[in-house]
2 protein chains.
Amino acid sequence: MNEKDKVTIYDISEKLNISAATVSRALNDNPKISIKTKELVLKTAAAMNYKQNRLAQALKSGKTNNVGVIVPYIDRNFFSSVIRGIEEELSPHGYHVIICQSHEDVTNEITQINTLLNTQIDGIFMSISKTTQDTSHIQKVLQEKTPLIFFDRKKDLPGFSSVTIDDFNGGFSATEHLINQGCTKIVHFSGDLNLDIYKNRCDGYMAALKKHGLPIRKEYIIQVNSKIESGASAISELWELEDKPDAIFSAGDYAALGAIQELKRRKVRIPEDVCVVGFSNEPFTKYMELPMSSVDQTPLEMGKIAAQVFLEQVKGKQTLTIEKKVVLTPELCIRDSSNRIGKAIPTVA
Amino acid sequence: MNEKDKVTIYDISEKLNISAATVSRALNDNPKISIKTKELVLKTAAAMNYKQNRLAQALKSGKTNNVGVIVPYIDRNFFSSVIRGIEEELSPHGYHVIICQSHEDVTNEITQINTLLNTQIDGIFMSISKTTQDTSHIQKVLQEKTPLIFFDRKKDLPGFSSVTIDDFNGGFSATEHLINQGCTKIVHFSGDLNLDIYKNRCDGYMAALKKHGLPIRKEYIIQVNSKIESGASAISELWELEDKPDAIFSAGDYAALGAIQELKRRKVRIPEDVCVVGFSNEPFTKYMELPMSSVDQTPLEMGKIAAQVFLEQVKGKQTLTIEKKVVLTPELCIRDSSNRIGKAIPTVA
DNA sequence: TTGTACGCGTTATCAT
DNA sequence: ATGATAACGCGTACAA
């Protein structure tokens with residue numbers, strides 16, 4: 001009873017002395033078929049261990065039921081959470097999720113979009129890499145009438161939907177929270193300003209300062225990367241200044257962590273002397289020596305909503321260029337690193 | 001210049017007044033073709049923005065260049081790291097990685113294997129769910145002559161390759177390390193013993209005790225899940241005992257974290273009174289109040305090696321049932337939570 | 001070196 | 001209700 005070769009609808013049509021077309025109809029709930037033969041087909045199909053070849057189906061229909069997701073790195077908590085959201089929303093609809101990593105390199109991004117297109121995926125989800133400037137490779141996707149949905153890191157291009165968080169709001173509320181804690185000299189660790197998300201967080205930061213009548217000081221805005229060391233050395237730099245800051249709002253959690261480590265090394269008290277707020281709400285933030293405040297980007301929800309946008313898009317195919325921009329509100333998680341309430345605020349010497 | 005419909009080899013054969021076969025040959029570096037026409041085809045193909053339809057190719061060849069990965073949850077650091085390893089090793093060879101989540105439920109696992117098989121993937125990588133007992137759905141994969149490679153959580157079945165870590169060794173060395181710190185009353189938080197990995201860690205623990213002449217006490221082996229609360233309540237239970245332990249070796253980091261939190265609440269000093277070692281080396285362990293010792297499972301490497309095993313398997317197709325078992329050695333990362341000796345030494349990432 | 005013809009497994013159109 | 005046939009896009013024996 002070994003089935004070495006796949007059984008096709010022809011095998012079963014032969015066995016039943018009917019045509020392959022009828023078999024196909026039976027398998028696809030086609031109304032134009034008698035219940036008798038339908039049941040017969042279904043039964044023997046099961047008996048013969050028949051499996052639909054979705055490849056052939058796909059070639060015929062032009063739909064693969066596969067989508068591609070392009071992210072910088074899949075093992076970054078934020079991205080894997082978004083992917084989880086996408087997968088969980090899409091798999092009940094029969095879609096499979098293919099993952100690609102750009103390693104923050106446009107070159108990879110380009111080839112991945114191309115090979116993804118070649119495999120005839122039904123849609124692409126993508127967070128652009130830091131090095132993506134030119135967008136011609138993305139524009140090309142539009143011509144293939146393949147839906148591409150940006151999440152988190154997007155480019156503002158006509159014809160593309162996106163799901164992002166309100167990074168301006170995130171930066172604004174984090175900064176305002178620090179002001180409410182009594183901080184007035186607030187430093188911002190900014191990320192790569194080529195990415196809108198970091199630009200917006202920075203804008204939000206500045207807007208909050210402005211609203212509260214605080215000066216925007218150039219030397220208080222420092223470009224860092226997402227490494228711990230980067231945050232630490234930024235602190236070293238800052239502590240050379242005459243006028244030392246009393247708060248850090250970092251656009252990333254790792255830089256914030258590095259800052260905290262370096263501040264401790266310098267015996268600076270947190271949050272008494274300096275408050276710190278990060279961004280991303282990485283899992284480690286709540287388990288730190290001093291649980292760190294951070295802005296949560298609700299990645300799971302972001303993934304689910306991106307998937308929903310995709311589903312809408314493929315359903316209502318008539319409207320070719322649907323363009324939907326969803327903006328989620330981030331959530332500020334206040335923890336000990338920026339919570340002075342309940343702690344005695346020391347008199348400044 | 002809008003190309004609404006995909007251009008095929010027929011379109012380009014028409015334009016050049018040659019046969020589609022010749023075009024195909026040109027595109028595939030077939031030796032039986034003149035350099036002239038080959039270059040001509042390549043040039044016009046590029047000009048017409050031709051893209052291979054890998055779907056048709058796949059249907060023809062029986063190879064999709066897709067592999068499936070089935071894990072409980074994709075946003076768990078360990079799994080996303082393994083997947084990263086698989087992706088990075090396989091993508092240079094033209095493979096795409098499809099991800100599936102079992103949510104620790106065999107039912108999902110079964111349907112995922114089936115749909116994956118229907119889409120004609122070239123291979124499956126999988127870590128079984130906690131609830132997987134019966135393995136008939138896995139056995140079926142063998143008949144389809146589709147390679148399936150286990151990683152981390154495996155079932156010992158003939159015909160299947162696997163890449164795992166030596167969990168026995170992990171449990172053994174962690175326990176021995178605790179003994180070397182002077183601990184004699186060592187508790188083990190065990191995971192679900194349905195999974196070999198947890199059984200082996202437990203066996204390693206017991207072997208270390210035995211080797212050093214320490215008794216194996218039933219009340220010192222506690223079954224926990226991978227939640228923080230589970231570790232905390234285990235401590236509460238243990239602290240009811242007359243004879244309180246002086247060390248915890250947990251088969252998971254989250255339970256270990258819960259234990260540490262509860263111990264602190266009870267003013268138990270770590271590592272002076274109780275040493276703690278976890279398992280998995282989750283990112284948060286090194287950023288904790290007290291950086292936690294843990295056993296690293298080298299997930300990235302595990303993924304890469306699993307991918308290599310797969311590649312070998314599809315290359316040397318002649319040998320049908322190759323069965324390769326790779327066992328990696330885990331790495332004990334000693335940090336403050338179990339380091340009574342050089343306490344001042346800061347832990348390296 | 002190039003062209004012809006067929007098949008991969010399905011589904012859809014047209015007859016019957 | 002069912003059957004024959006074409007077509008999806010490609011690769012490849014076989015023939016020329």
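As a basis for the values below, the full set of heavy atoms in this structure was taken, side chains included, without hydrogen atoms, waters or symmetry mates. This one's a predicted model, so the numbers in the text were calculated from it and none came from an experiment. Note on naming: letters A, B, ... go to the chains in the order of the sequence lines (proteins, then strands), and numbering restarts at 1 for each one.
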Is the distance from OP1 or OP2 of [N] to the nearest side-chain N or O of [X] less than 4.0 Å?
X	N	value
A:S19	D:dT2	no
B:N28	D:dG11	yes
B:T22	C:dG3	yes
B:S24	D:dT12	no

Looking at [Y], is its backbone amide N or carbonyl O close enough to the side chain of [X] to form a donor-acceptor pair, meaning the two atoms are under 3.5 Å apart?
X	Y	result
A:E104	A:P72	no
B:T135	B:I138	no
B:Q112	B:Q101	yes

Rounding to a whole Å, what distance do you find between [X]:[atom1] and [N]:[atom2]?
X	N	atom1	atom2	answer
A:D11	C:dC8	CG	P	10 Å
A:Q120	D:dC8	CD	C1'	10 Å
B:N17	C:dT4	CG	P	11 Å
A:R25	C:dT10	CZ	C1'	13 Å
B:K32	C:dG3	NZ	C1'	14 Å
A:K60	C:dG7	NZ	C1'	15 Å
B:N30	D:dG11	CG	C1'	10 Å
A:L55	D:dC8	CG	C1'	12 Å

Query raised in the report: When the ring centroid of B:F151 is compared with that of B:F125, is the distance short of 6.0 Å?
Result: no
So what does [X] hit on the nucleic acid, given a heavy-atom distance under 4.0 Å: a base, only sugar-phosphate, or nothing?
X	result
B:T8	sugar-phosphate
B:K36	nothing
A:I9	base
B:S61	nothing
A:I18	sugar-phosphate

**Report entry** ring pair (Phe, Tyr, Trp, His ring centres under 6.0 Å) partners of B:H103, counting only residues at least two apart
**Finding:** B:Y73
Query - Inter-axis angle, terminal five-pair segments of the helix from C:dT1-D:dA16 to C:dT16-D:dA1 [nearest 10°] - result: 50°
Where the side chain of [X] is concerned, which of [options] is the nearest nucleotide?
X	options	value
A:Q57	D:dC8, C:dT10, C:dG3	C:dT10
B:Y10	C:dC6, D:dT5, C:dG3	C:dC6
B:A56	D:dC10, C:dT11, C:dG3	D:dC10

Query raised in the report: Are B:K38 and B:D29 close enough for a salt bridge, meaning some N to O gap below 4.0 Å?
Result: yes
Query - Nearest-nucleotide comparison on DNA chain C, the residue closer to the 5′ end among A:Q52 and B:A20 - result: B:A20
Report summary line: The residue, B:I33 or A:L27, whose nearest nucleotide of DNA chain C is more 5′ is B:I33
Report summary line: Test side chain to side chain contact (heavy atoms under 4.5 Å, CB included), reference B:Y50, set B:D11, B:L27, B:T44, output is B:L27
Query raised in the report: When the nearest nucleotide of DNA chain D is assigned to B:A21 and to B:L59 on a heavy-atom basis, which residue is associated with the more 5' position?
Result: B:L59
Query raised in the report: Hey, mind stepping through A:T119 and B:N65 against side chain to side chain contact (heavy atoms under 4.5 Å, CB included) and telling me if it holds?
Result: CA-CA 10 Å; A:T119 51; B:N65 281 297; over 6 Å; no
